[in-house]
Each structure stands twice: as C-alpha cells, then as structure tokens.
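Below: the structure, in structure tokens.
First listed ligand is number 1; within each ligand, the first listed atom is number 1. These numbers were taken from a predicted model, which means no experiment stands behind them. Reckoned from all heavy atoms, side chains included, excluding hydrogens, waters and symmetry mates.
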Amino acid sequence: MKYGHFDDKNREYVIENPKTPYPWINYLGNEDFFSLTSNTGGGYTFYKDAKFRRLTRYRYNNVPVDDGGKYFYIKDGNTVWSPGWKPVKTALDSYECRHGMSYTKFKSSKNGIQSEITQFIPLGFWGEIQKVSIKNTSSEIKKIKLFSFIEWCLWNADDDMKNFQRNFSTGEVEVEDAVIYHKTEFKERRNHYAFYSVNQEINGFDTDRESFVGLYNGFDNPDVVNDGKPKNTIAHGWSPIASHYIEMELQPGESRDYVFMLGYVEVDENDKWESKSVINKQPAKQMIEKYNNVEKVDAALEELRLYWDNLLGKISIDSGDEKLDRMVNIWNQYQCMVTFNMSRSASFFESGIGRGMGFRDSNQDLIGFVHQIPERARERIVDIASTQFEDGSCYHQYQPLTKKGNAAIGGDFNDDPLWLILSTSEYIKETGDFTLLDEMVPFDNDESRAKSHFEHLKASFYHVVNNLGPHQLPLIGRADWNDCLNLNCFSTNPNDSFQTTGNKKDGQAESLMIAGLFVTYGKEYIKLCQRIGNEKEAHEAQIHVDQMIKAVKTHGWDGDWYLRAYDYYGNKVGSNENEEGKIFIESQGWCSMAEIGKEEGMVENALDAVKEHLDCEYGIVLNSPAFSKYYIEYGEISTYPAGYKENGGIFCHNNPWIMIGETMIGRGDEAYDYYTKIAPSFLEDISELHKVEPYVYCQMIAGKEAIKPGEAKNSWLSGTASWNFYAITQYILGVKPDYDGLIINPCIPKKWDGFKMKRAFRGATYNIEVSNPDHVSKGIKELRVNGKLISGFIIPLLEKGKAYDVKVIMG
Ligand code: BGC
Ligand code: NOJ
C-alpha cells in the first residue's frame, strides 16, 4: 500500500494520507540553521547543534507519536482544524504534504477554506519562513480566526527535558508589535535570542503555555482556540510559547498571505540591550524586513530551487528505470546532504541530545557529498582530523557547536582512524586538491600540536600497525564499525552502557573487518605517499599491507568465508565452528573490497556464502544465525532479539560493501539485485510494512529471523545514504573519479542495454553514453571521447569549462 507518490519533475514526495505508518519527515536548511518537519507539522528547529542551541521543543517517544511542532489552528465558525491535520486531527476535505528539496508544503482544505503553507529556510539565513495563504473557496463571506503556535525550548535540549526545578522559573519573553521574542537566560551568559514574527498586524497573542493550552488539555484542544480569543499572556517561567492571533474576513474567492518567521539572533556582548531589561531587537527587525512580503519570500524559494538544480545537476542519470533514476538523481543525493549536515545527531530516531558528529560516520557521509560542495567537505575533513590524537586514535564524536571531541559515547573504536584516509582520498580524487595534505591540522584541537594533514593519515595508518594482536590482525579495541560487537567489554551490570563501559585493559580481540579496511585504505595511503614523492614511506607501508594480507589468508579464512574476529579468549567469531553467528557481513564486504585472496577464489567463495547464508527477500542480514541468547564475551550484539539491529537485522549501511565486492568479481546481476532490495523507491509499494519514508534510506530493516521481516526503523541518518550512492554511481554504473582522471568501468545487470550519465568532474562535463550490445556485466570494448578512441578505462583530465561526449561500448 502507498501513502503518496513521487513527483520527480518537482523533486517532491507527495503524501496524500496524513496517517502514514510513522511520521514521514523532511529537513529544512542546508547550513547552520535547521528544522525537522513531519508530514503533520511536527518537528523542531535548531541552530548548528540540536543539543546546545535548540529553538523549539519536541517530545520524544510520546503518545500520540510526534507531538510538538509548528502548528496552526484555523477556527471557522465552530469548526477548528489544522492545515497539517495534526494536532487537531479534524477530518479534512483534502490534504497534501509535499516534501521537497529543503522545503515542505502543505495544501489542505475544509468547509470551503483552503490553506497553503510553505516552510523553508532561505540560503545563508538563520530563520525558518512559513508562508501561509488562506483562501475562501466558498460562495459565502467567511470570518476566520487563525492561531499560530510554537513552544520554545530553553536552549539546551537535554537540560530542557530534565531540569524542571530550575527551568520552570527561568523562562522570559518580550512582545513588541507582531513579534514574540524568547530571551530566556539572555541576561546571563547567552548572547542570543529567538523570535517568532508575522508580517502583519495581529489581533492578540499568547506566550504562556498553560494559559493557551490549558493545564489539562492537549495541543489538539487548546483552551484559547476553543474560546476563540487570545489571552495576551506574558510568560514568567513555566513554559514560554509563541502564538499569534489573526482575525480575517474573506469574501468569496478572496485570499490572504502571511509570512511568519522563526528566527535566531546573536548579538555583540556590548550591544545586548536597548534599554534596561529590553533586548536589542535591531538584528531581528533586519531579518524580518528581509522577507517581509510574499515577493521576497518567493524569490528566496526560487533561489533555493536553483541551488538544488545546480547541486543535483552535477551527477544525473537516465537508466530507463524511473525508480533508479529518482534515487540517483534526487533523493539519494539529497539524503547525502542531510547526513553530511546531521551525522547521527537529529532525526525522529536520534534525539539530537545523544550524539554529535561521529568520527567514523562523518568521514563516511562525506563520500556521497563531496561532489556537491567540495569546499564544505574539505572543511569537514579538517574539523574531524583536528579531534584526532598523535597516536592516531580519536574521539568517537565531536559537538558541532564547539567542534571539540568528547568521550560521551565512548572511544577506542579501532576502525575510526582509517576512515580519515577514505574521506581524504575521495576528496582529492574528486577535486585534485592535494594541498589538503599540507594543511596544518591540530591534534586534540590544540593548535600548538598541529602537524600536516598527511601526518594525520600516517598516524591513522600506524595506529593499526602499532595495535596488532596475537594473529598479527588488528586489535578491535572497544569495537570496530559494528558498535555492538564489544569483544573486550564484559558487562554483567544492566546499568552499564555498552558504548562507554571500560574495556578489559589487556583485550586481545582482533577484527577481520579492520584488516580488510586496512588493506583497502592502506593501498590508498601508499598511493598518496607516492604522489607526494615519499617513496620510502610508500615502500614501508607496502610491507605492512602485504603482511596484513598474509595474516588474513593465514588466520582469517574459515574455509568458505572470512572470519569476523577473534574474541578476548582467542576463539573464532563468525566461524562455521560456532553454534550461532557463524558468518558476518562486515568482513566479507571489506576483505572482498580489499580483494584479499582473490586469485585463490576467496572473494568469490565469500560472496557466494553471503548469498547462501545472509541474503533474504529484504536485503542482506548482518550475521547468521542470529544470536538467540546473551553471550557476555560478544557484548551488545547479542542483547538484541534475533533479526533486529546488529543481531541479524538488515543493517543497510553494510549492504553496499557487498555490492561493491560483487563488482570486484564482475557480478553485476548480483550487485544490482542487492541494490534494489534496500533502495527505498523500490519499496514504495510495501510502505505499510516498511513503515518509514519511501524516499530515504533507513539504518535497519528487520531481517529474516525477526518477527516482522521487512519492517524498517531509523530512517534518514545512516551511512547507507553515502555508501549506496557511492556503490551505484562509482561501482555499478562505474563512473569513478580518480587522481588522474575519470574511470569508466560499469558492472551492470546483463539484461541492461546501457544507460546515460551526466557527470561534472574537475570543471568539465562528461555526457556519458554506455551501450551494452553483447549483454555483458563488465568489460569495455571501446571508449571514445568526442569520437576519439581512448585505450583503457580512464579518461585523462581534459580542459575545463567544456562538455565532452563519451561513448562506451561494453563487451
Ligand atoms: C546501536 C548502534 C549505535 C550505538 C551507538 C547501539 O545501541 O545498536 O547502532 O551505533 O548504539 O549509539
Ligand atoms: C550506527 C553508528 O552510527 C555507526 O557508527 C555504526 O558503525 C553502526 N551503528 C553499526 O554499529
């Protein structure tokens, strides 16, 4: 069953039924200032950091789901309704929610009144705009009362939900004209405030939640709206809100437009006050002025549209399959921007108060984003590397507001350092900008400890070399990519967090996944050494990579697939000898991508084993059989019921590793089959089961051993977005930036006749047309650029500013 449809022309998903199986959300804002918005008007807004600078409040895991948002109430006689259906939930005559590229539109109607709301954040602006239009489509004169509503968060979203003994006494607001200012804590250490305005005169307002809603009511039934008149309250403590009240009389056919703005202002320490206790409102007024009419708002919306035209124009395909095209051309790229911005911090599954920017997550998110805005990718790489330590180890995350690393969600994840080589090499391949390697980058955010970025990569590489275990395989530390395979953390106390619990200090557990990662990015590190003329280091590094390959072949092969790990006691994990968890996906993916033992048939064997033991109708599960009991020496992984999350769930992030592995041995049918199993647009028809948005990837789909296979959770913020974009564009469609040119080496399903791709690369545009007359999966018979034959798979760098016709014949 579907709840809407794709509108590819407008790059929108159109939700036609507000009762989606879960809130289906969108993100507004592309830099610094962001909002989350659901298909019923739920969500919240923050500046840079969802924990430390939250503007509006949100209630997590609430009953009913998705409570709190940017709400409007329309009172038309005795009927009260909301344009987003919620919170009032009056049955609407029509409803439509269009989630588009950084904007959301609601169009709904009731009893001859039509409302249209467009929410977005103009580029470079610290404010959300809500353009509201109310139209009388009936043949009678209508007297309408419109109430807006938001609830302020007292800035620190974590404290806001906990520290009531203080927070119920700190709230402060000011109201001037049609603007409600939120200034809690402004008089002490905060040099910032927020405001909610509307561009027309109002007939009243409210700023005290209890007065507006009523202590025993919900958002669906506020006292003030029921009474049809505001109380003009000024909040003192408790819970400050902002609600405007507007009366209008509409002739048949007449409509009114309003521009609401939810803005954030920072003022100079010396310029905080207009007069005693009255905040300096000048900056807010300038912001309001900037978009004080519909024409200005529409121009900003158009600018946003052009911005996305440009970003999405850099890679686009025509494959003949609309489901694939809309993923690659629109939604996957859009999601890559969102994961780049949010890491794993703020979604409807990540509270925004738990996690900041993950070290490994942000490095990986970058590979699906770097072609869009390389300058921002470069800045991000430097921010991430700045949190690293001299020995290569890293904080697992940093807060976006401070950019300083912290240990709030643990540390000692021994895969972390290597992802920096991935992001750096992908950035250089896309841009050719080797100067990044020379940039001075601090360790542990301490400028006095800065060294070149190349030294950071070296530290990453040697962090593995210096931390090898009894089989000369990488020590796993607290865990590797799989946060839940906690092989050195023996916890019997249910009050311990698996993420932060102290490791067994003498932990000798080893990871085959890190081994594969090390070989893959070790090879990349060697190439970078050669590029900068450091042959000695390249040679040295090659020795370590070769030793690792040998160690994997000797100690990491189980006969039919790669082992997953050795545990604390030196026992095998992910072996046929084990009763449960006999085979894991991560080491199959990484050792295949590293092509370890390819000549001996290991890669092919391992991928066959994945197909046999891990593949199912909805994707590839993480491990099999899933654990049915708690294994203390395995940690969190065995805490999950079988088939969910890291215990036998389809953890989508790692599926593309297998797709890429398949392309390494030329199996395009298998690679693409795996792709279509988890790509959301291919799952639209089973939305009822799938539950989450059909336009973005989710972290996890319940696996074959789950109670409800195919049901997904944790949409939006997952490394799946960047990895699947990377897998489909660079390995399956096979157009891959490299240091000296653009590689063209598709690995597609045999039945395809070909495809087209437009690819911007290093200032030139390549119009690539691939044809597959012999119906092969891999191999190129002929490659021509502007008619000229090229030998091999690489188009060398060509003159900038021009477009090139690339004709590829497979065979
Ligand atoms: C989850 C992981 C997650 C980790 C850190 C675990 O409970 O299963 O997917 O990365 O927590 O938040
Ligand atoms: C989610 C985390 O964000 C990511 O860093 C981790 O690799 C996966 N979970 C797997 O545990």
Side-chain angles (χ1 to χ4, degrees), residues 50-51 335 338-340 342-347 349-367 384 394-398 406-420 422-423 476-487 489 491 494 496-501 511 513-514 516-517 564-565 581 584-587 589-590 620-623 626-627 630 634-657 697-703 706 712-723:
K51 176 174 175 180
Q335 189 180 2
V338 172
T339 54
F340 176 84
M342 299 289 140
S343 194
R344 304 295 168 269
S345 68
S347 71
F349 295 85
E350 300 281 8
S351 63
I353 57 182
R355 298 206 261 174
M357 309 296 283
F359 192 101
R360 75 156 84 91
D361 296 321
S362 293
N363 275 308
Q364 292 173 76
D365 292 341
L366 209 133
I367 66 173
I384 299 171
C394 348
Y395 288 110
H396 203 41
Q397 71 158 10
Y398 69 91
N406 64 64
I409 54 161
D412 293 332
F413 295 88
N414 280 352
D415 63 311
D416 268 340
L418 290 172
W419 301 109
L420 191 62
L422 163 72
S423 60
I476 200 168
R478 186 188 304 282
D480 58 27
W481 171 89
N482 188 333
D483 280 326
C484 299
L485 194 60
N486 314 114
L487 299 181
C489 136
S491 174
D496 284 343
S497 144
F498 283 101
Q499 304 302 311
T500 54
T501 274
S511 161
M513 188 242 160
I514 302 183
L517 196 64
R564 176 62 176 88
F584 281 68
I585 195 170
E586 303 97 328
S587 44
W590 280 101
I620 314 168
V621 301
L622 191 145
N623 58 305
F627 299 107
Y630 178 49
Y634 286 4
E636 185 174 355
I637 189 167
S638 57
T639 65
Y640 285 113
Y644 294 94
K645 289 282 288 181
E646 281 89 342
N647 186 18
I650 297 153
F651 211 97
C652 301
H653 184 148
N654 52 39
N655 278 219
W657 300 342
Y697 286 97
C698 59
Q699 184 203 55
M700 198 259 331
I701 303 173
K713 294 188 183 116
N714 200 355
S715 52
W716 283 98
L717 302 186
S718 164
T720 317
S722 56
W723 274 104

Can you list the ligand 2 atoms lying under 4.0 Å from a non-hydrogen atom of [X]?
| X | result |
| --- | --- |
| D361 | 2 (C), 3 (O), 4 (C), 5 (O) |
| N482 | 11 (O) |
| R355 | 2 (C), 3 (O) |
| R360 | 4 (C), 5 (O), 6 (C), 7 (O) |
| F651 | 8 (C), 9 (N), 10 (C) |
| R344 | 3 (O) |

* Asked: Under 4.0 angstrom from ligand 2, any heavy atom of Q699?
  ->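 Yes.
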
State whether [X] and [Y] are salt-bridged, where the test is any N-O pair (Lys NZ or Arg NE/NH1/NH2 against Asp/Glu carboxylate O) under 4.0 Å.
| X | Y | value |
| --- | --- | --- |
| K645 | D483 | no |
| D416 | R478 | no |
| D365 | R344 | yes |

- Look at the rings of F627 and F584 and say which category their plane angle falls in: under 30° parallel, 30 to 60° tilted, over 60° perpendicular. tilted

When you compare the side chain of [Y] with that of [X], does any pair of heavy atoms fall below 4.5 Å?
| X | Y | result |
| --- | --- | --- |
| I384 | Y398 | yes |
| N482 | M513 | no |
| N486 | I476 | no |
| R355 | K51 | no |

Query raised in the report: Among Q364, Q699, E586, which one satisfies side chain to side chain donor-acceptor pair (under 3.5 Å) with H653?
Result: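 That would be Q364; it is the only one of Q364, Q699, E586 passing the side chain to side chain donor-acceptor pair (under 3.5 Å) with H653.
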
Heavy-atom proximity to atom 12 (O) of ligand 1, picking from Q499, Q397, R355, points to R355

Looking only at non-hydrogen atoms, the one of L622, I409, D483 nearest atom 2 (C) of ligand 2 is D483

- Residue of the set Y697, Y644, W481, Y640 for which ring-ring contact (aromatic ring centres under 6.0 Å, His included) holds with F651: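 Option passing the ring-ring contact (aromatic ring centres under 6.0 Å, His included) with F651: W481.
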
Considering the heavy atoms of [X], write down every atom of ligand 1 situated less than 4.0 Å from one of them.
| X | result |
| --- | --- |
| K645 | 1 (C), 2 (C), 8 (O), 9 (O) |
| C484 | 1 (C), 6 (C), 8 (O) |
| Q699 | 9 (O) |

Nearest-neighbour protein heavy atom for [atom], which is reported as residue plus atom name and distance:
| atom | answer |
| --- | --- |
| atom 2 (C) of ligand 1 | E646 OE2, 3.1 Å |
| atom 11 (O) of ligand 2 | E646 OE2, 2.5 Å |
| atom 3 (C) of ligand 1 | D483 OD2, 3.5 Å |
| atom 7 (O) of ligand 1 | E636 OE2, 2.4 Å |
| atom 8 (O) of ligand 1 | Y640 OH, 2.7 Å |
| atom 7 (O) of ligand 2 | W481 O, 2.5 Å |

ask   = Of all the heavy atoms in R344, does at least one lie under 4.0 Å from an atom in ligand 1?
value =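 No.
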
Give the contacting part of F498 toward ligand 1: side chain, backbone, both or neither, where contact means a heavy-atom distance below 4.0 Å.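 Within the 4.0 Å criterion, F498 makes no contact with ligand 1.
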
For F359 and Y395 the tightest heavy-atom approach is CB-O, 3.4 Å

Smallest separation among heavy atoms of S638 and Y630, with atom names
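Nearest pair, atom of S638 first, then Y630: OG-CD1, 3.3 Å.
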
